[in-house]
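Have a look at the structure below before the remarks.
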Number of protein chains: 2
Amino acid sequence: MTKNKERTGLKEHDDAGLPRSEAVTDLSVSSTLIRGIEVLQCFSSTDQALGNAEIARRLGLNRPTVSRLCKTLVHLGYLRRDAKGAFRLAPKLLALNYPMLSAMPWRYDLLRTMGELADMCDGNCSLGVLSGDSFVHVQTVGIPPGWPHIPDIGQTGPLYRSALGWALLSMLQGEELESKIADLRALHPDEYEASAEKTSAAITQCRRDGFCVSYGDWRPNLVAAASPLGRTEDGLDVAIACALPRYRTVAGYFETDMGPRLADAAESIRMSGVFVFPKLPK
Amino acid sequence: MTKNKERTGLKEHDDAGLPRSEAVTDLSVSSTLIRGIEVLQCFSSTDQALGNAEIARRLGLNRPTVSRLCKTLVHLGYLRRDAKGAFRLAPKLLALNYPMLSAMPWRYDLLRTMGELADMCDGNCSLGVLSGDSFVHVQTVGIPPGWPHIPDIGQTGPLYRSALGWALLSMLQGEELESKIADLRALHPDEYEASAEKTSAAITQCRRDGFCVSYGDWRPNLVAAASPLGRTEDGLDVAIACALPRYRTVAGYFETDMGPRLADAAESIRMSGVFVFPKLPK
DNA sequence: ATATAATGTTTGAAATAATGAAATAACATT
DNA sequence: AATGTTATTTCATTATTTCAAACATTATAT
């Protein structure tokens, strides 16, 4: 099952010294579970309906295997078949998340403030949470008509080239920050290197001014400012951001107006006590 | 693996005539995938952090097995360990849903109308989608402070004893409705029977007046009205509901004021053409 | 402190479940 | 009708899971 190992990126023992050239599969994780969930991961905003064969092609499995996995997921209610017989994610998948969303009551408490911020900059305002090598949106307010993309719960973005990502990184302390950066570097060597300077500058700015700004680093036509909020009791790192389309942005507005205001708002949110803000190194 | 079969409720061939009393396991679904996902399903608003042993107990597996499944889910990023070493759902799980949310652009288009409805009744307004034997909330607007529960994306409720559920059922046609009711009856025999009359009355009301009302049938202290919206192009059945705490409800308000207004709003939403409304039987 | 009871993880061998090739069936599109 | 799709079924092979036992690691109680 060499293919499988490479695909899933499982950590395995070094084969170098083994008697036969046979690879040792990692018995401590379940490959079937991985494959099943990888089926769900195949779907995206642009690939909303997928057939068996297409999924098999992407995952490097053969059709019968995928057929069985999909059948299982349909049985569980997380996939459905549309009129054309293709598979689509099913609404029950949302139910899996409800426990997590209801564990973030601060998402509601911040709605008002977020709305005010969105109005203030005539753009939108989002909350993001650190997750592996990405941030994940957990709340978004203000989605004007004609908005270039759909920021919604669950959308992910890069830590190393987005305002929200930088704000999140700025909260990590020495050892923690080191290891996160090492992870990012390992996962996206070239991409990370290309943004390394901007990243460290933004982290510095966050720590000094309480916010940082991104000019189209993530979404080419969006300008955004972000501020760190802190870590929740149960261990999630949270930041807040405001964004608007580039063509509507007045030069310097984010640096001199919106940024400081966002930082103020973040500061007063921190006063609520929901978020623990780390003591930052001088 | 007799235990497994019973737990997962897999359909299997009748063993009656088999030579040995050995059960035939169903090769067409993947039991490992089922178990892995069942681990995720263990979490709820009230059980946000679970240990290995607790999960094992609930699923009827032994600890090593659960340890491996959890390790796999952590590897995938869908579980995380908190400060105490317990497992919690990880934010990456939200990312799995993003493709589905972004496939429902009408969730945004309806925000304004929903806000108006919520203001009008001084309560909240939600969109629900049919999913198996339940509805799933896909959007909620208006969460006043002190609200008795947290209606949010992903929350599920019963089809047969809630306004939203009844409104959804009212859209199903003959054969489709029959089979859905049969499913409900099979899954919750007693509970269904207890609400059967209310259910059919509400379906009738929906078809006649365009809305139905529930007085605490789902959440004891909530009164709600709901209207069917129709079926989306990709096959989801959607309904809209407004709810407020019972103690704030004036007698008859939902029947004579809010209900008809909701029905009007639903009617004008349907005009937008996003939802296909079935031709109802006279 | 020490004992006791839980929990989490690692083994290895036995049992089982997953796999993929081949065949079949169902469907669209020529 | 014929071709190229795609989805499903079957079955023998193989690899993965499972479980019990032992160990390590916490908590909790005495």
Side-chain angles (χ1 to χ4, degrees), chain A residues 1-5 7-8 10-13 18 20 22-39 42 49-75 79-88, chain B residues 1-8 10-13 18 20-39 42 49-75 79-88:
Chain A
M1 296 258 52
T2 318
K3 243 187 302 179
N4 172 21
K5 289 181 324 185
R7 240 181 356 83
T8 57
L10 306 182
K11 297 268 171 58
E12 273 137 21
H13 304 112
L18 288 181
R20 310 189 41 180
E22 227 167 38
V24 177
T25 53
D26 187 348
L27 292 177
S28 68
V29 296
S30 166
S31 57
T32 307
L33 176 53
I34 290 180
R35 296 213 256 245
I37 290 187
E38 280 177 334
V39 169
C42 285
L50 294 171
N52 247 319
E54 178 59 23
I55 296 170
R57 207 171 298 126
R58 295 190 190 193
L59 298 180
L61 304 171
N62 62 6
R63 260 119 63 226
T65 301
V66 172
S67 175
R68 212 159 68 100
L69 293 174
C70 287
K71 193 178 219 176
T72 306
L73 290 167
V74 169
H75 172 82
L79 278 183
R80 65 192 176 94
R81 312 199 73 138
D82 66 13
K84 289 169 190 155
F87 293 106
R88 286 175 184 263
Chain B
M1 293 258 50
T2 318
K3 241 188 300 180
N4 172 22
K5 289 182 321 181
E6 282 162 10
R7 242 182 354 83
T8 57
L10 306 182
K11 297 268 169 61
E12 274 136 21
H13 305 113
L18 288 180
R20 308 189 43 179
S21 70
E22 228 166 38
V24 176
T25 53
D26 186 349
L27 291 178
S28 67
V29 297
S30 165
S31 58
T32 308
L33 177 53
I34 291 180
R35 296 213 256 246
I37 290 185
E38 279 177 334
V39 169
C42 284
L50 294 172
N52 249 322
E54 178 60 23
I55 297 170
R57 208 171 297 126
R58 294 189 190 193
L59 298 181
L61 303 172
N62 62 3
R63 291 185 312 287
T65 301
V66 171
S67 176
R68 207 162 72 102
L69 294 174
C70 287
K71 192 178 222 177
T72 306
L73 290 167
V74 169
H75 171 83
L79 279 184
R80 64 193 175 94
R81 311 200 73 137
D82 66 13
K84 289 169 189 154
F87 294 106
R88 284 174 185 266

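Every chain is numbered from 1 and lettered A, B, ... according to where its sequence line falls, protein lines coming before strand lines. Because the structure is predicted, anything quoted here is derived from the model rather than measured.
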| said: Has B/T72 got a side-chain atom pairing as donor or acceptor with A/S30's backbone, closer than 3.5 angstrom? | reply: yes
| note | A/R81 CZ to D/dT6 P, in whole Å, measures 14 Å
| remark: Looking only at heavy atoms, the pair that brings A/N52 and A/R63 closest together is OD1-O, 4.3 Å
| task | Specify the residue among A/S67 and A/L33 whose closest nucleotide of DNA chain D lies further upstream toward the 5′ end. | result | A/S67
| said: Nearest whole Å is fine: how far is D/dA7 C1' from A/L61 CG? | reply: 16 Å
| said: Could you report the tightest heavy-atom contact between B/T32 and A/L33, atom names first, then the distance? | reply: CG2-N, 4.5 Å
| request: For A/A86 and for B/N62, find the nucleotide of DNA chain D with the closest heavy atom, then tell me which residue's nucleotide is more 5'. | output: A/A86
| query | Would a distance-only check, ignoring hydrogens and angles, find a side-chain to backbone donor-acceptor pair under 3.5 Å from B/R68 to A/V29? | reply | yes
| query | Of all the base pairs, Watson-Crick or G-U under 3.5 Å, which form stems of three or more consecutive pairs involving DNA chain C? | reply | C:1-30 with D:1-30
| request: Would you kindly give the CG-to-P distance between B/N52 and D/dC23, to the nearest whole Å? | output: 20 Å
| If every non-hydrogen atom of B/L73 is compared with every non-hydrogen atom of B/G36, which pair is closest and at what distance? | CD1-O, 3.7 Å
| query | Could you state the CG-P distance from A/L73 to C/dA18, rounded to the nearest angstrom? | reply | 13 Å
| Can you tell me how far the CD1 atom of B/I37 sits from the SG atom of B/C42, to the nearest 0.5 Å? | 12.5 Å
| said: Using OP1 and OP2 only, check whether a side-chain N or O of A/S28 sits under 4.0 Å from C/dT9. | reply: no
| query | Are the side chain of B/T65 and the backbone N or O of B/L61 linked by a donor-acceptor pair below 3.5 Å? | reply | no
| remark: The nucleotide from C/dG8, D/dT17, C/dG20 with an atom nearest the side chain of A/S31 is D/dT17
| note | Regarding the side chain of B/T65, the nearest nucleotide among C/dT9, C/dA21, D/dT18 is D/dT18
| Over all atoms of both residues, closest heavy-atom pair of B/N62 and B/A56 | C-CB, 4.1 Å
| request: On DNA chain C, check which nucleotide each of B/A53 and B/S30 is closest to and give me the residue with the more 5' one. | output: B/A53
| task | Take the protein atom CG of A/L50 and the nucleotide atom P of D/dT6, then report the distance between them rounded to whole Å. | result | 13 Å
N/O contacts under 3.5 Å, protein versus nucleotides 11-13 of chain C?
none

| task | Please name the pair of heavy atoms, one in A/E38 and one in A/L59, separated by the smallest distance, quoted to 0.1 Å. | result | CB-CD2, 3.9 Å
| Any idea which heavy atoms bring B/K71 and A/S28 closest together, and the distance? | CD-O, 3.3 Å
| In whole angstroms, how far is the C1' atom of D/dT25 from the NZ atom of B/K84? | 18 Å
| In whole angstrom, what separates B/F87's CZ from C/dT7's C1'? | 11 Å
| query | Can you give one letter per nucleotide of nucleotides 23-30 of chain C, going 5' to 3': B for a protein heavy atom under 4.0 Å from the base, S for sugar-phosphate only, - for none? | reply | --------
| task | Kindly say if A/R68 contacts the phosphate of C/dG20, meaning a side-chain N or O under 4.0 Å from OP1 or OP2. | result | no
| request: Mind calculating the distance between CG (A/L69) and P (D/dT8) to the nearest angstrom? | output: 12 Å
| request: May I ask you to evaluate whether B/R35 reaches the phosphate of D/dT18, defined as a side-chain N or O under 4.0 Å from OP1 or OP2? | output: yes
| said: Is the positively charged end of A/R80 above the ring of A/F87, judged by distance under 6.0 angstrom from the centroid and angle within 45° of the axis? | reply: no
| query | Does the side chain of B/H75 come within less than 4.5 Å of A/I34's, by heavy atoms? | reply | yes
